[in-house]
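Accompanying notes for the structure given below.
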2 protein chains.
Amino acid sequence: MEALRKFNANTRGAIRESNEMRLLQAAETVFAARGFSGATTAEIATRAKLPKANLHYYFRTKAELYRAVLANVLELWLDELDRFTSDREPTEAIAEYVAAKLNWSRKRPNASKVFANEVLHGAPFLKAYLSNDLRRRVEDKSEVVRHWIAQGKMRPLDPKHFFFQLWAVTQHYADFDVQVRAVLGRGRLTDQDFATAAENITALILHGCLVPARTRPA
Amino acid sequence: MEALRKFNANTRGAIRESNEMRLLQAAETVFAARGFSGATTAEIATRAKLPKANLHYYFRTKAELYRAVLANVLELWLDELDRFTSDREPTEAIAEYVAAKLNWSRKRPNASKVFANEVLHGAPFLKAYLSNDLRRRVEDKSEVVRHWIAQGKMRPLDPKHFFFQLWAVTQHYADFDVQVRAVLGRGRLTDQDFATAAENITALILHGCLVPARTRPA
DNA sequence: GTCTATATATGGATAGAC
DNA sequence: GTCTATCCATATATAGAC
């Protein structure tokens with residue numbers, strides 16, 4: 001009896017978790033493809049293979065589901081900058097960060113698109129996050145960049161704009177993938193395309209931001 | 001009599017032109033802020049100070065109005081690469097192009113946003129343009145870059161990815177302006193902000209892509 | 001917890017008077 | 001050419017049976 005109750009509870013809990021997960025995944029795909037307004041709960045439910053009413057059972061409103069998707073996306077963004085510390089060599093820290101960001105663009109393009117769409121349309125759900133968490137985080141990491149500049153390892157650039165440029169070039173391959181594919185003449189971006197992108201971006205950023213070794217003070 | 005007919009015709013023509021213009025401007029603003037699905041013809045009409053039925057008189061459907069807005073936007077994009085020619089010094093051509101693109105981000109952020117939104121959601125209206133016109137144009141201009149590389153003036157980079165990176169960093173200031181403003185702590189981006197952006201981007205691209213003069217073959 | 005049927009709202013589009 | 005009133009489709013959300 002006790003075992004059965006527990007079993008049922010676990011089963012129900014597992015079903016809930018599984019259904020919520022499927023809804024979140026489906027929602028990320030649909031929100032990425034159509035934006036918040038363009039996405040319909042019907043399409044999300046269909047893609048998750050659940051009746052529409054169930055979607056509203058797990059997430060009361062479309063906005064609530066959207067918030068949950070955004071929260072998932074921010075988890076990816078968060079802490080990606082953690083390894084950006086002043087005790088490291090800028091070359092390595094920057095190259096690693098570029099590779100990591102570009103990797104997210106390849107593996108989770110929809111996450112990037114949902115975020116891009118949100119910001120593009122004025123960040124109605126994320127204004128507070130951008131002005132508080134993100135802003136503070138960039139302030140922090142700007143100190144690291146200033147340290148490397150003071151050491152004569154980086155050119156005297158503006159740290160915040162430096163981060164804007166890193167984000168722009170790496171997220172471009174997710175957000176504008178249709179354009180990238182059209183220009184490259186690809187049905188979809190291959191591993192080789194991403195490898196080429198990584199090489200080019202890394203070279204651009206490192207040559208563009210670092211002081212060449214031979215001109216540094218000894 | 002003749003004069004009156006002409007006057008009326010001109011007046012009617014002038015009204016038409018004025019109304020269409022106002023609708024197009026209003027539509028660009030609303031499509032930029034809300035996307036295609038999120039935009040309502042009611043809001044566009046209100047912003048243009050016209051009754052909603054008039055909007056449908058000038059542009060039969062919302063999609064037709066959207067197409068017209070996109071066509072306007074593409075005019076800005078087109079021919080911006082014209083001055084990218086192999087007889088020029090790459091330093092100048094690139095610096096000029098960056099400045100021009102960034103200037104559009106400042107003056108017509110909504111045009112950039114409408115385009116970004118269209119591409120972000122799979123370019124349902126612009127697929128053909130991207131695969132034909134744009135692709136050919138980039139092929140052409142890639143030759144220019146290859147020429148400069150062969151001359152030893154530019155590093156051996158991939159020309160197409162080079163253009164992706166130029167677009168990414170310059171359009172970022174229009175498309176992600178909310179994020180940029182949040183991080184910089186600005187209500188709106190100032191001329192000074194754009195000047196700083198221009199300096200940083202130009203330095204990044206030139207140092208990142210050009211071969212320093214002293215190491216070039218004489 | 002699941003799902004059918006439906007209430008309710010919104011928005012694109014048009015008919016028809018002026 | 002202009003605008004009011006309205007049609008109709010679509011979409012969010014929920015009630016209520018199972």
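Just so we're on the same page: letters track the sequence lines, and every chain starts at 1. Model, not experiment: these values are computed from the prediction.
- Judged by distance alone, the side chains of Asn103(A) and Arg106(A) do bring a donor and an acceptor atom under 3.5 Å apart.
- In this entry the distance linking CG of Leu23(A) with C1' of dG1(C) reads 14 Å, nearest Å.
- Across dT2(D), dT2(C), dG12(C), the shortest atom-to-atom separation from the side chain of Asn54(B) is found for dT2(D).
- Rounded to an integer number of Å, the gap from His56(A) NE2 to dA5(C) C1' is 14 Å.
- Using a 4.0 Å heavy-atom criterion, one finds that Ala63(A) contacts no nucleic acid atom at all.
- Atom CG in Leu55(B) sits roughly 12 Å away from atom P in dT14(C) (whole-Å rounding).
- The CG atom of Leu65(A) sits 10 Å away from the P atom of dA13(D) (whole-angstrom rounding).
- As rounded to whole Å, 9 Å separates atom P of dG11(C) from atom CD of Glu43(B).
- For the pair Arg60(B) and dA13(C), the criterion of a side-chain N or O lying under 4.0 Å from OP1 or OP2 is not met.
- Not one side-chain nitrogen or oxygen of Thr41(A) sits closer than 4.0 Å to the OP1 or OP2 atom of dA11(D).
- At a threshold of 4.0 angstrom between heavy atoms, the contacts of Tyr58(A) are confined to the sugar-phosphate backbone, with no base atom among them.
- A cation-pi arrangement is found for Lys62(B) relative to Phe36(B), the charged atom lying closer than 6.0 Å to the ring centre and inside a 45° cone about the ring normal.
- Between the side chain of Glu118(A) and the main chain of Phe125(A), a donor-acceptor pair closer than 3.5 Å is present.
- Across all strands, Ala39(B) comes closer than 4.0 Å only to sugar-phosphate atoms, never to a base (heavy-atom distances).
- Checking Gln25(B) against Thr29(B) by side-chain atom types alone, no donor-acceptor pair falls below 3.5 Å.
- In this entry the distance linking CD of Glu64(B) with C1' of dG12(C) reads 14 Å, nearest Å.
- In this structure, Asn19(A) reaches the dT2(C) phosphate: one of its side-chain N or O atoms is under 4.0 Å from OP1 or OP2.
- If you take CZ of Arg16(A) and C1' of dT2(C), they are 13 Å apart, rounded to a whole angstrom.
- Remark: side-chain polar atoms of Asp177(A) are not paired, donor with acceptor, to backbone N or O of Tyr173(A) under 3.5 angstrom.
- With dT12(D), dC3(D), dG12(C) as the choices, the nucleotide that has an atom nearest any side-chain atom of Lys62(A) turns out to be dT12(D).
- In the set dT14(C), dT12(D), dA15(D), the nucleotide with an atom closest to the side chain of Ala53(B) is dT14(C).
- Across dT2(C), dG12(C), dT2(D), the shortest atom-to-atom separation from the side chain of Tyr57(A) is found for dT2(C).
- The separation between Arg34(A) atom CZ and dT10(D) atom P is 15 Å, rounded to whole Å.
- Between the side chain of Lys52(B) and the base of dG11(C), no donor-acceptor pair under 3.5 Å is found.
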